[in-house]
Participant: 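My questions will all concern the structure given below.
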Amino acid sequence: MTAFAFIYSLHVLAALVWVGGMFFAWMVLRPAAMKALEGPARLKLWVEVFQRFFVWVWVAVVILPISGVGLIQMRFTGFETAPRYVQIMMGLYLVMTALFIRIQTLQLPELRQAVLAEDWPAGAATLGRIRRLVGINLIVGLVLVAIASARPMF
Ligand code: HEM
């Protein structure tokens, strides 16, 4: 395996873990939890899910730009000569990371606090806000992967 192939695989795997994880949470786990669990149990489940999933999101947040910049150097010699879809990728990465950091630093502690205090209405309101931001990030991530894959068009 060449260094380029290794870094490329790492890059795509990191994208897969982040975007695929959000897809699973939004499209599969969320409706299943709504159906199977009462409010308090559902909120407790999401605290546990986010805590575990966000460790992997941090790994992706670190790997994507490092491997991405490596790919730019190997394939396009520098930022100025990188094609438009790579510039879009970097911009959308910043959007996704900003939304993720917002959830991680503001909303997850709020959710954890509400669950500890057994304040279920406050927890449900916070979970609703997290759900909206994860939904936006999922759409941005899917668009990004579609753009990266349809690169001859950009
Ligand atoms: C600073 C952030 C990023 C940089 C610098 C970057 C850079 C790059 C570069 C240079 C390539 C290779 C392009 C080519 O060979 O033509 C690439 C491919 C790719 N990137 Fe990124 N990227 C970044 C973030 C992301 C993010 C956040 C995602 C998705 C969540 C992503 C998903 C992909 C995918 C799926 C490919 C493979 C496309 C294909 O071969 O069909 N990248 N990226």
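Counting starts at 1 for both ligands and their atoms, in listed order.
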Participant: Measure and list all N/O to N/O distances between ligand 1 and the protein that fall under 3.5 angstrom.
Facilitator:
from     : atom 1 : to     : atom 2 : distance (Å)
ligand 1 : 15 (O) : Tyr8   : OH     : 3.4
ligand 1 : 15 (O) : Arg75  : NE     : 2.4
ligand 1 : 15 (O) : Arg151 : NH1    : 3.3
ligand 1 : 16 (O) : Arg75  : NE     : 3.1
ligand 1 : 16 (O) : Arg75  : NH2    : 3.1
ligand 1 : 16 (O) : Tyr85  : OH     : 2.2
ligand 1 : 16 (O) : Arg151 : NH1    : 2.9
ligand 1 : 20 (N) : His11  : NE2    : 2.9
ligand 1 : 22 (N) : His11  : NE2    : 2.9
ligand 1 : 40 (O) : Tyr8   : OH     : 2.5
ligand 1 : 40 (O) : Arg151 : NH1    : 3.4
ligand 1 : 42 (N) : His11  : NE2    : 2.9
ligand 1 : 43 (N) : His11  : NE2    : 2.8

Participant: Please round to the nearest 0.5 Å and tell me the distance separating atom CH2 of Trp46 and atom CG of Leu29.
Facilitator: 4.0 Å
Participant: Phe50 vs Gln104, test: side chain to side chain contact (heavy atoms under 4.5 Å, CB included). Steps then yes/no.
Facilitator: CA-CA 9 Å; Phe50 289 139; Gln104 166 80 82; over 6 Å; no
Participant: Measure the spacing between CG of Asn137 and CG of Leu144 and express it to the nearest 0.5 Å.
Facilitator: 10.5 Å
Participant: Answer yes or no: is there an ion pair linking Arg52 with Glu48, defined by an N-O contact shorter than 4.0 Å?
Facilitator: yes
Participant: Cluster question for you: counting only ILVMFWY and a side-chain heavy-atom cut-off of under 4.5 Å, with indirect links fine, are Val49 and Trp120 together?
Facilitator: yes
Participant: Carefully, step by step, assess Ile7 and Met74 under the rule side chain to side chain contact (heavy atoms under 4.5 Å, CB included).
Facilitator: CA-CA 10 Å; Ile7 295 172; Met74 287 191 224; 3.0 Å; yes
